[in-house]
Amino acid sequence: ASDVYKRQALLQCAPTRNSFVCEEVGGDRAKVNGLSRVAPKARGRPQRVKRTKMSEGIEVAKKLPVTDDIREAMATIRRGTDSFLIEEEFEQKLARSKATGKPLRCKLGLDPTAPDIHIGHTVVLNKLRQLQDLGHQVIFLVGDFTAAIGDPSGRNVTRPPLSREQITANAETYLAQAGHVLDLEKTEVRYNSEWSNALGSVGLIQLASRYTLARLLEREDFAKRYAEELPIAMHELLYPLMQGYDSVALEADLELGGSDQRFNLLVGRELQRQYGQEPQCILTMPLLVGLDGQVKMSKSKHNYIGITDEPNDMFGKVMSISDTLMWDWYDLLSLRPNDEIAALKKECAEGRNPRDAKVMLAKEIVTRFHSAAAADGAEAEFVNRFRQGAMPSEIPEVTVPAGEEGIQIARMLKEAGLVSSTSDGNRMIEQGGVRIQGESVSDRTLRFKAGEELIVQVGKRKWAKIHLA
């Protein structure tokens, strides 16, 4: 008990604007709300920066010149984004980074809630890689502490927290999979339990004092549940604060996230202000539309490409998307420069076959998750299966309802208008006249589920891209 008393007696509260920063001094270091920092005698008050227009609105900082290379970097960073707050601030951060030679700290936090990811999850990782290629310090934050709380974003019910064993296993897999996109040797990998566990009850209560319940209830999912009188657990209210505190701990200049994370990212920006830091800018990425071209990529919708899919399957699935969706995927998944994508798009508009552009995208994606050799092999296999079968450049698309139990193959062919009846469909299957995804089909009992997208050939001349709803 005496040790606890001595520990509490060392707490010093240093006033900031509308808040307090609590320091625990000991030796050459100090703990600031659980964060280890060099003690005040060595570097002054912890996490203090000169107040500027960007941080407190008190002083007007002198604007740095924005050069052409900074404008080019901004165009790359802006590409495909859902929202970017605040662009002028980040432009100045880039200018300061160029002037000082100090890279910006760009953070992405992911809770390891599942053992594997699909390419829709890599959209924000691709943006982080672009920032890495521009020379900035990217931080891959594993939310091992926040995963134990359970992120309520987009939920109308409480998300069950994960066990420590699940979190550890998933985190190892996430990091390995992220390595397909990021250069892990240049990536700062952190775990938010480093500082969150150190907060303790006193620090957690002080952190909670920095944000009001009224502000938290402005969040769409909380507001909806509150209006419908559905339960909101107290630990869920802490989640945005803990995620925001990560930005304070890491002194982030930019935080990335999905469009559903915007509220939490704004909390981080506000907490940084209260801790005397320059507030981070915020960049959110849209959700990737799946293979069906209709809804976001999801395993439950069967419209996804897993990053562990075999090269041939991965290549074929990319080739099955519509030409319109292809350009969205270029913006969100490709690491090619803006001018190269623009030139390719212009060539297709002037007559080049869009299939060529789709092949380039498919090979880029397969190379990222497998190898260049695997991509070449997948392309060759695709050519053998499809182009030698004289697949037309334009294939009619049709949506067929599959129902909850799926749809039998002959009925699907009839509903798609490829055969006149189910018996005709069965006859064509028996004769070897039906190909799906380039493979000859002989099983009349095959059933397909809603969410699948199939390229189907019946005979020599009938083709359709079938979306199963």
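Residue numbers start at 1 and run along the sequence shown. FYI, side chains are in, hydrogens and waters are out, and symmetry mates aren't considered; it's all heavy atoms of this structure.
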Query raised in the report: Where do R219 and N264 land on the side-chain contact (heavy atoms from CB on, under 4.5 Å) test, with the steps shown first?
Result: CA-CA 9 Å; R219 234 176 82 148; N264 293 357; 2.5 Å; yes
Requested in this report: Apply the test salt bridge (charged side-chain N to carboxylate O under 4.0 Å, His left out) to residues K345 and E340: give CA-CA distance (whole Å), side-chain angles for both, the deciding distance (0.1 Å), then the verdict.
Outcome: CA-CA 9 Å; K345 195 170 185 178; E340 189 174 324; over 6 Å; no
Requested in this report: Please lay out, stage by stage, how E194 and R190 fare under the test salt bridge (charged side-chain N to carboxylate O under 4.0 Å, His left out).
Outcome: CA-CA 8 Å; E194 296 173 31; R190 303 292 293 272; 2.9 Å; yes
Query raised in the report: Can you check side-chain contact (heavy atoms from CB on, under 4.5 Å) on F315 and V359, steps first, answer last?
Result: CA-CA 8 Å; F315 191 98; V359 166; 4.1 Å; yes
Report task. Dump the intermediate steps for side-chain contact (heavy atoms from CB on, under 4.5 Å) on W463 and V458, then the final yes or no. Result -> CA-CA 6 Å; W463 292 80; V458 177; over 6 Å; no
Requested in this report: Please step through side-chain contact (heavy atoms from CB on, under 4.5 Å) for the pair L250 and W195, ending with a clear verdict.
Outcome: CA-CA 10 Å; L250 294 169; W195 48 85; 3.7 Å; yes
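Within the 3.5 Å criterion, the main-chain N or O of I119 finds a donor-acceptor partner in the side chain of T122. The main-chain N or O of L333 is found under 3.5 Å from a side-chain atom of R368 such that the two form a donor-acceptor pair. The closest donor-acceptor contact from the side chain of Q92 to the backbone of E89 lies at 3.5 Å or more, if one exists at all. One N or O on the side chain of R71 and one on the backbone of V66 form a donor-acceptor pair closer than 3.5 Å. In this structure, the side chain of Q137 engages the main chain of K186 through a donor-acceptor pair within 3.5 Å. Using a distance-only test at 3.5 Å, with no hydrogens or angles considered, a donor-acceptor pair links the side chain of Q272 to the main chain of A252. At distances below 3.5 Å, not a single donor-acceptor pair connects side-chain atoms of R352 with backbone N or O atoms of E347. Looking only at distances, no side-chain donor or acceptor of E379 sits under 3.5 Å from a matching main-chain atom of K363. Judged by distance alone, with hydrogens and angles left aside, the side-chain atoms of T187 form a donor-acceptor pair with the main-chain N or O of D183 at under 3.5 Å. Side-chain atoms of H180 never come within 3.5 Å of backbone atoms of Q177 as a donor-acceptor pair (strictly under, hydrogens ignored).
Between P240 and V267, the shortest heavy-atom distance links the atoms O-CG1, 3.5 Å. Minimum heavy-atom separation, H136 to C106: CB-SG, 4.1 Å. Taking all atoms of both residues into account, the shortest heavy-atom contact from Q280 to L254 is CB-N, 4.1 Å. Closest non-hydrogen pair, S334 versus L361, comes out as CB-CD1, 4.4 Å. Across every non-hydrogen atom of I436 and M412, the tightest pair is CD1-CE, 4.3 Å. Shortest non-hydrogen contact noted between S298 and Y304 is O-CD2, 3.8 Å.
E255 places none of its side-chain heavy atoms less than 4.5 Å from the side chain of L283. A heavy-atom distance below 4.5 Å is not found between the side chains of E278 and R273. Within the 4.5 Å cutoff, the side chain of S322 has heavy atoms near those of the E397 side chain. Residues M74 and L94 meet the side-chain proximity criterion, which asks for heavy atoms closer than 4.5 Å. V295 is listed as a side-chain neighbour of D292, based on a closest heavy-atom distance under 4.5 Å. In this structure, the side chains of F222 and L237 come closer than 4.5 Å at one or more pairs of heavy atoms. In this structure, Y245 and L199 have side chains that are in contact, with non-hydrogen atoms separated by less than 4.5 Å. Between E188 and F140 there is no side-chain heavy-atom pair separated by less than 4.5 Å.
Partner K317 forms a side-chain hydrogen bond (donor to acceptor under 3.5 Å, both in side chains) with one of N312, N303, D309 and no other, that one being D309. Between M285 and the options T81, L256, L128, a side chain to side chain contact (heavy atoms under 4.5 Å, CB included) holds for only T81.
Between E430 and R427 there is no salt bridge, since no side-chain N of the basic residue sits under 4.0 Å from a carboxylate O of the acidic one. A salt bridge does not link E251 with R105: every distance from a Lys NZ or Arg NE/NH1/NH2 to an Asp or Glu carboxylate oxygen is 4.0 Å or more. Here K93 does not pair with E87 in a salt bridge; the nearest charged N to carboxylate O distance is not below 4.0 Å. Under a 4.0 Å N-O distance rule, the pair D221/R225 does not qualify as a salt bridge.
Note: E452 CD to Q437 CD = 8.5 Å, rounded to the nearest 0.5 Å. In this structure, CD in Q431 is found 13.5 Å from OG in S442, a value given to the nearest 0.5 Å. Atom CG of L325 is separated from atom CD of Q294 by 10.5 Å, given to the nearest 0.5 angstrom. Once rounded to the nearest 0.5 Å, the distance linking CG of L134 with CD1 of I77 reads 5.5 Å. If you take NE2 on H235 and CG on L238, they are separated by 9.0 Å, rounding to the nearest 0.5 Å. We find the CG-CZ distance between N197 and F145 to be 5.5 Å, quoted to the nearest 0.5 Å.
Between Y211 and F263, the ring planes are perpendicular. Angles over 60° get that label, and only those under 30° would be called parallel.
Donor-acceptor pairing under 3.5 Å is lacking for the side chains of Q130 and T76. In the model, Q243 has a side-chain atom that pairs as donor or acceptor with a side-chain atom of Q261 under 3.5 Å. Side-chain contact check for T284 and S259: no donor-acceptor pair (N or O, by modelled atom type) lies under 3.5 Å. Side-chain contact of S320 with K465: a donor-acceptor pair under 3.5 Å is absent, judged by distance alone. N192 and T146 are linked by a side-chain donor-acceptor pair at a separation below 3.5 angstrom, with hydrogens and angles left out of the test. A donor and an acceptor atom, one from each side chain of S421 and S423, are located under 3.5 Å apart.
Other residues, nucleotides and ligands contribute only 12 or fewer heavy atoms inside 6.0 Å of the CD atom of E72. No more than 12 heavy atoms of other residues, nucleotides or ligands shown are found within 6.0 angstrom of CD on E220. Within 6.0 Å of atom CZ in R79, more than 12 heavy atoms from other residues, nucleotides or ligands are found, so the atom counts as buried in its surroundings.
Pairs engaging residues 402-421 under the salt bridge (Lys or Arg N to Asp or Glu O under 4.0 Å) rule: R411-E415 [sequence neighbours left out].
Every residue meeting the side chain to side chain contact (heavy atoms under 4.5 Å, CB included) condition with D69, not counting sequence neighbours, appears here in chain and number order: T67, K98. With sequence neighbours left out, D82 forms a salt bridge (Lys or Arg N to Asp or Glu O under 4.0 Å) with no residue at all.
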